[in-house]
Engineer: 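Let me give you the structure first, and then I'll get to my questions.
Chain naming here is simple, since letters A, B, ... match the order of the sequence lines and numbering starts at 1 in each.
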Amino acid sequence: GIQVEQSPPDLILQEGANSTLRCNFSDSVNNLQWFHQNPWGQLINLFYIPSGTKQNGRLSATTVATERYSLLYISSSQTTDSGVYFCAVERNFGNEKLTFGTGTRLTIIP
Amino acid sequence: DAGVIQSPRHEVTEMGQEVTLRCKPISGHDYLFWYRQTMMRGLELLIYFNNNVPIDDSGMPEDRFSAKMPNASFSTLKIQPSEPRDSAVYFCASSPGQGGYFGPGTRLTVT
């Protein structure tokens, strides 16, 4: 099956810093999503981004499908950004299921 | 829409007991997924349905696990009998065809 790798596995930053999270995938995909799992365990959709660039407030994401990677940017980090960020991809070959990466654990220190 | 609804949010049970997890997907979504999250294995897909029909249950760990979707607005994941290694967070997600919208999860602890 498709492999999804995220880096770095852990990231500790001071409040106010910027960060870049990376997601590499091993095959062509029709969909890519970024999720934030907050410290309470809730999985929250951030972006649905099979290609191109999207922005939502302090967060933005870019997917370069031809090169099989996606980047999530977080600017001016806040403590509420702490948690695990998952990348998940989907291939439309008769099924519609997401394959998740192992996540990046982000800790923002006040 | 209230989003994907799961119940219970927390379940603590003794080994050998039957556990039933419930999910109400977002109205209009044709796909429903059950995921399990553990520290050791991360997020893994257990089973998914399309229009109430199970499509792929290859992720179901063993015969103790079963899932049903009797109608478009309700699904259950049942574990019988439960074992301590089943302790995990179980997520239900629904989708209109692409992407996934997750419920809050059920944290299951089997002692």
Engineer: When the aromatic ring centroids of A:Phe100 and B:Phe102 are compared, is their separation below 6.0 Å?
Structural biologist: yes
Engineer: Would you find more than 12 non-hydrogen atoms of other residues, nucleotides or ligands less than 6.0 Å from B:Glu83 atom CD?
Structural biologist: yes
Engineer: In this structure, are over 12 heavy atoms from other groups packed under 6.0 Å from A:Arg68 atom CZ?
Structural biologist: yes
Engineer: A quick test of your reading: do over 12 heavy atoms of other residues, nucleotides or ligands sit less than 6.0 Å from CG of B:Asp63?
Structural biologist: no
Engineer: Can you confirm whether B:Glu14 is buried at CD, in the sense that more than 12 heavy atoms of other residues, nucleotides or ligands lie under 6.0 Å from that atom?
Structural biologist: no
Engineer: Measure the OH-CD distance between B:Tyr101 and A:Gln33 for me, rounded to the nearest 0.5 Å.
Structural biologist: 7.0 Å
Engineer: Run the side chain to side chain contact (heavy atoms under 4.5 Å, CB included) test on A:Leu98 and B:Leu43 for me, step by step, so that the C-alpha distance in whole Å, both residues' side-chain angles and the decisive distance to 0.1 Å come before the verdict.
Structural biologist: CA-CA 10 Å; A:Leu98 290 168; B:Leu43 271 160; over 6 Å; no
Engineer: Where does B:Gln37 contact chain A at under 4.5 Å (heavy atoms): side chain, backbone, both or neither?
Structural biologist: side chain
